[in-house]
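Order of listing sets the numbers, starting from 1, for every ligand and every atom in it. Keep in mind that what you see is a predicted model, and the values were worked out from it rather than measured.
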Amino acid sequence: MRYDTEGVHINAHGGCVLYHNGTYYWYGEYRNPKKEGTPGTQGVGCYSSTDLYNWKKEGVVLSVVDDPNSDITAGCKIERPKVIYNEKTGKFVMWFHLEFKGRGYGTARAALAVADNPQGPFQLLHSLRPNAGRWPMNFPDSRKTALTSEQMKREIAGNNTWPAIRDGAYTRYNFEDGQMVRDMTLFVDENGKAYLVASAEENYTIHIHELTDDYLDLTGKWIRVEPSGHNEAPALMKRNGKYYMLVSGCTGWEPNDARLLVADSIWGPWKKAAYNPCVGTNPFNNMGPDKTFGGQSTYILSVHGKPNAYIAMFDVWRPKVQLIESGYIWLPIAFENDKMVIRWRSQWDLGVFNN
Ligand code: GAL
């Protein structure tokens with residue numbers, strides 16, 4: 001558990017941390033207590049801190065609404081919200097994974113909202129399926145034909161499922177309506193270019209979509225990463241010109257082994273590292289690298305003013321108790337000869353980055 005300055009468990013799951021003008025803002029899924037309010041998420045919660053230890057509740061910065069015609073009518077799912085700041089427009093831009101009310105995880109959309117202040121309120125602009133009618137840059141011309149649902153099902157039937165997914169059966173099926181977005185993150189590169197990185201193709205393949213300069217739209221440039229790798233929960237960082245993407249496997253709320261993808265360019269090629277970056281065991285649940293200490297990746301935070309100080313943020317989902325009680329594991333990321341190492345520590349402070 002992690003408590004805010006009022007002693008209440010922090011309610012900001014699947015979140016991110018943005019640094020702006022001396023303050024860190026932690027945004028995440030603001031979940032309802034069981035049996036209270038509507039099912040699904042209530043919106044996006046925000047907490048602020050100047051030291052990364054003490055978190056003050058700022059409130060719900062984007063809330064579901066009563067209007068049944070709104071994309072975020074109460075009962076929808078708002079997951080994995082990410083907020084970035086646009087230097088050119090001075091706006092705070094939020095993207096999140098949205099599922100329409102009553103549709104399970106079937107709608108798989110991205111939604112975006114903007115605010116003038118980090119504490120919100122955020123205004124929903126709209127929701128979408130990215131890059132409808134645009135092929136990924138790393139897709140062979142020979143497969144650039146859209147598939148109907150029947151054709152797609154035929155492609156993935158029988159023994160051919162994995163090769164067909166790898167070769168883009170879902171990409172082609174989703175071509176006309178746009179690609180799916182489930183677990184997602186945003187990543188801003190040193191040159192200010194930002195990217196939406198999402199688990200797509202029924203969670204079989206990660207997509208990287210370039211955002212326009214105002215971060216409110218897509219440029220049309222996008223790629224598929226680790227086709228049929230079955231990865232989700234992406235979290236990115238860049239160090240010494242190399243891009244690192246931490247992902248999880250796909251086992252719902254249950255923990256699994258973290259995987260690491262590495263590239264010299266955001267446009268790839270992305271290679272899966274031969275090792276699991278997690279090392280050690282969480283003594284509170286006896287879970288080691290094969291279960292990511294009981295957590296699932298959500299974001300990599302750069303500590304302001306400290307070069308090479310990165311914190312890996314994980315959620316410890318507790319669906320059986322109730323999701324609002326889900327915990328957090330934050331661990332420092334070390335590099336040993338370019339190899340990412342996330343070592344279990346039961347206790348640590350920012351002093352680890354001084355060594
Ligand atoms: C997980 C995902 C979560 C949530 C959950 C629902 O795989 O990482 O963000 O969507 O599934 O079952």
Side-chain angles (χ1 to χ4, degrees), residues 10-17 26-32 34 38-45 62 64 71-72 75-83 94-111 127 129 165 170 179-187 196-207 225-226 228-236 245-261 278 287 290-300 312-330:
I10 290 179
N11 196 355
H13 311 277
C16 69
V17 171
W26 177 355
Y27 303 91
E29 300 159 12
Y30 196 83
R31 293 197 166 269
N32 285 326
K34 235 181 211 168
T38 50
T41 25
Q42 196 173 322
V44 177
L62 177 83
V64 297
D71 282 3
I72 54 167
C76 70
K77 291 185 175 75
I78 291 178
E79 293 191 350
R80 297 190 177 259
K82 303 289 177 284
V83 178
M94 175 193 292
W95 286 72
F96 57 92
H97 165 203
L98 172 70
E99 296 290 349
F100 288 161
K101 181 184 177 180
R103 303 272 293 275
Y105 280 92
T107 43
R109 293 173 80 79
S127 76
R129 279 282 193 95
I165 293 171
Y170 287 116
Q179 302 295 321
M180 301 175 92
V181 170
R182 289 211 183 108
D183 284 2
M184 55 138 281
T185 194
L186 296 176
F187 174 71
L196 166 68
V197 181
S199 188
E201 302 182 23
E202 298 291 352
N203 304 340
Y204 286 108
T205 301
I206 298 279
H207 291 174
V225 175
E226 265 265 296
S228 79
H230 218 188
N231 298 314
E232 62 180 7
L236 267 83
M245 190 193 310
L246 206 53
V247 289
S248 76
C250 299
T251 51
W253 303 115
E254 295 299 317
N256 53 51
D257 56 319
R259 301 103 190 258
L260 180 66
L261 307 172
C278 299
M287 290 187 193
D290 57 325
K291 298 280 183 220
T292 314
F293 316 121
Q296 186 184 28
S297 43
T298 183
Y299 202 69
I300 296 174
M313 296 167 53
F314 302 91
D315 295 288
V316 181
W317 300 112
R318 300 209 166 93
K320 287 180 192 136
V321 187
Q322 54 175 346
L323 281 166
I324 189 177
E325 308 268 349
S326 299
Y328 308 98
I329 293 173
W330 287 19

Colleague: To the nearest 0.5 Å, tell me how far Phe187 CZ sits from Met245 CE.
Modeller: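 If I round to the nearest 0.5 Å, the distance is 9.5 Å.
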
Colleague: Using a strict cut-off of less than 4.0 Å between a Lys/Arg side-chain nitrogen and an Asp/Glu carboxylate oxygen, indicate whether Arg31 and Glu79 qualify as a salt bridge.
Modeller: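 Looking at Glu79 together with Arg31, the answer is yes, because their closest N to O distance falls below 4.0 Å.
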
Colleague: For Glu232, take its heavy atoms, then give the atoms of ligand 1 lying under 4.0 Å from any of them.
Modeller: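 Reading through ligand 1 atom by atom, the close ones are 1 (C), 2 (C), 7 (O), 8 (O).
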
Colleague: Only heavy atoms of Gln296, strictly under 4.0 Å: list the atoms of ligand 1 that pass.
Modeller: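 Every atom of ligand 1 under 4.0 Å from some heavy atom of Gln296: 8 (O).
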
Colleague: Check whether NZ of the Lys or CZ of the Arg Lys77 lies under 6.0 Å from the centre of the six-membered ring of Tyr105 and within 45 degrees of that ring's axis.
Modeller: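 Flagged: Lys77 positioned over aromatic ring of Tyr105.
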
Colleague: Over 60° means perpendicular and under 30° means parallel, so tell me whether Trp26 and Tyr328 are parallel, tilted or perpendicular.
Modeller: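 If you compare the ring of Trp26 with that of Tyr328, the planes turn out perpendicular.
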
Colleague: In Å, rounded to the nearest 0.5 Å, how long is the span from CG of Asp315 to OG1 of Thr292?
Modeller: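 If we round to the nearest 0.5 Å, Asp315:CG and Thr292:OG1 are 12.0 Å apart.
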
Colleague: I'd like to know if Ala233 contacts ligand 1, where contact means a heavy-atom distance under 4.0 Å to any ligand atom.
Modeller: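 No; Ala233 lies far enough from ligand 1 that no heavy-atom distance drops under 4.0 Å.
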
Colleague: Nearest protein heavy atom to atom 10 (O) of ligand 1, by residue and atom, and its distance?
Modeller: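 In this structure, atom 10 (O) of ligand 1 has Glu79 OE1, 2.6 Å as its nearest protein heavy atom.
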
Colleague: Heavy-atom contacts under 4.0 Å between Arg80 and ligand 1: side chain, backbone, both, or neither?
Modeller: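 Contact part for Arg80 vs ligand 1: side chain (C-beta onward).
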
Colleague: Please identify which atoms of ligand 1 are closer than 4.0 Å to at least one heavy atom of Gly252.
Modeller: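 So the answer, numbered in order with elements, is 1 (C), 7 (O), 11 (O).
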
Colleague: Do Lys320 and Glu254 meet the salt-bridge criterion of a basic N to acidic O distance under 4.0 Å?
Modeller: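 Yes.
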
Colleague: Please write down residue, atom name and distance for the protein heavy atom closest to atom 8 (O) of ligand 1.
Modeller: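 Protein heavy atom at minimum distance: Asp183 OD2, 2.5 Å.
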
Colleague: Quick one: which ligand 1 atoms are inside 4.0 Å of a heavy atom on Tyr105?
Modeller: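 Result: 4 (C), 6 (C), 10 (O).
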
